[in-house]
Amino acid sequence: MTDDDTTAAQDGEPDESASGGLDVQLARDLIERAQAEGVSLVGPDGLLAGVTRTVLQTALEAEMTEHLGYDKGDPAGRGAGNHRNGSSAKTVRTEVGPVPIEVPRDRRGEFEPQIVPKHARRIQGFDEAIISLYAKGLTTGEIQAHLAEIYQTEVSRDLISRVTDQVVDELKVWQNRPLDRVYPVVLIDAIHVKIREGQVTNRPVYVVVGINCQGERDVLGLWVGTGGEGAKQWMSVLTELKNRGVADVLIACCDGLKGLPEAINEVWPLATVQECVVHLVRASLRYASRAHWGAITKSLRTVYTAPTVEAAEERFDEFEQVWGAKYPAIIRLWRSSWEQFTPFLAFPPEIRKIIYTTNAVESLNARFRQATRRRGHFPSEQAALKVLYLVIRSPQRNRTNVTGRTHGWKQALNTLVMFYGDRISLN
């Protein structure tokens, strides 16, 4: 034991490593007991259900003791005016299965338990388990079957819908929350989901991710469009962001939607509009034979990694000499996008790697598609937004998530200050 450990022990502070070891030992003891007794860990007769019942029952008795001011059987309670008055049987759903408990009552009927509130039939962790499964893309029917198989508890689809509807009010607050005054970088994209309105149609969902002056990434909002993705609808989205407090954007990275750069500059006149290079390369490959994809992407890489605009123009001329006759559509695509493609070439590498692609949004869209693919279509806009919002608020462990800190931000920030000066606010 080190001196620090000795000091901590003398001061009465808990030893985290010992606590972790105790948790592991407890888990092992439970598993060994379940094996020895030939019982399951989960389910109505599972060992964990019994442990959970003991914990809940003990907590309820402790709450009653605190409410009355004396322990059960304590003579101090005689003549106190209020006392224990039996109990009521109740079964609650938990993450380990249904658990029967006895909820204590007091004579005056004033006891309000907190761990299992009156009329509650589910422990909070059970609701969170349903919401987590919903965010992973499972339908209400699949969640119903999963709970029946794993926890041996019957839950109606209507109950699952009511549980997941708990996030609707949270979603509304999130959609209308105030935003920062300045975002050095915003990433703009859209995905399409199927929504039934009389008939099932493909509807765009607009996604905007912002990187603030502290380098923190956040999804600024989600909006369901009325038809095909268009610049007019983007204008409405961007105007709403401005109304929520975004007074200035330094760099806006987006795909090649016609009219979008003009919409961005209408809302934020000083913004630098950068077309996503990944979108541009991907769009180029649509015109090319798969056999040539490797050679084309390798050649285009020399263009978008050029040290200057002039060097990029020379390298693209070379690209055109090799591929122009075979794939003129690729040349036309890059020429028409050149003005929005080249802005990031003026920046050093620490800025380029942040703005040359909307990969942060693309990775989020991949999770969106995973969560929506199994459903086929949604009955309403709200149902679609509910699932997408749950994806955002449920970050994945050990993976890069759209929300979080931007790697290498301090170096990028110093460079941004050189380019944009007082437009960046760190307050």
If I take atom CD from residue Glu216 and atom CD1 from residue Ile211, how far apart are they, to the nearest 0.5 angstrom? 11.0 Å
Taking everything shown except Glu266 itself, do over 12 heavy atoms lie less than 6.0 Å from its CD? no
Would you say Thr65 and Arg84 are linked by a side-chain donor-acceptor pair, where the criterion is simply a distance under 3.5 Å? yes
Working for salt bridge (Lys or Arg N to Asp or Glu O under 4.0 Å), residues Arg177 and Asp218: CA-CA 12 Å; Arg177 73 196 190 281; Asp218 191 17; 2.9 Å; yes
Contact summary for Gly225 and Arg203, nearest pair of heavy atoms: O-NE, 2.6 Å
Indicate whether any N or O donor in one side chain lies under 3.5 Å from an N or O acceptor in the other, for Arg105 and Ser87. no
Spacing of Leu413 atom CG and Met418 atom CE [to the nearest 0.5 Å]: 12.0 Å
Separation between NZ (Lys194) and CG (Asn202), nearest 0.5 Å, reads 4.5 Å
Heavy-atom side-chain proximity of Ile188 to Ile264 below 4.5 angstrom: yes
Would you confirm whether Arg244, through its side chain, and Leu220, through its main-chain N or O, come within 3.5 Å as a donor-acceptor pair? yes
Looking at Leu285, is its backbone amide N or carbonyl O close enough to the side chain of Trp293 to form a donor-acceptor pair, meaning the two atoms are under 3.5 Å apart? yes
When the ring centroid of Phe419 is compared with that of Phe347, is the distance short of 6.0 Å? yes
Is a side-chain donor-acceptor pair under 3.5 Å present for Asn82 with Asp106? yes
CG of Asn212 to CH2 of Trp409: how many Å apart, nearest 0.5 Å? 7.5 Å
Looking only at heavy atoms, the pair that brings Trp334 and Ser284 closest together is NE1-OG, 2.7 Å
Heavy-atom pair with the smallest gap, counting every atom of Cys276 and His279: SG-ND1, 3.1 Å
Would a 4.5 Å heavy-atom cut-off, applied to side chains only, mark Asn265 and Trp268 as touching? no
Side-chain touch Thr406/Val185, heavy atoms, less than 4.5 angstrom: no
Do Leu345 and Thr308 come close enough that some side-chain heavy atom pair is under 4.5 Å? no
Does a side-chain heavy-atom distance below 4.5 Å link Trp174 with Ile392? yes
Heavy atoms, side chains only, cut-off 4.5 Å: are Phe368 and Val193 in contact? no
How long is the span from the CH2 atom in Trp234 to the CG atom in Leu260, to the nearest 0.5 Å? 6.5 Å
Let me confirm one number: the NZ-CG distance from Lys242 to Leu179, rounded to the nearest 0.5 Å. 14.0 Å
Mark yes or no for whether Gln340, through its side chain, and Gln274, through its backbone, hold a donor-acceptor pair below 3.5 Å. no
Under 3.5 Å, side chain of Arg423 to main-chain N/O of Val249, donor-acceptor pair present? yes
Would you indicate whether Glu170, at its atom CD, is surrounded by more than 12 heavy atoms from other residues, nucleotides or ligands within a distance under 6.0 Å? yes
Would you say the side chains of Gln175 and Trp223 form a donor-acceptor pair under 3.5 Å? no
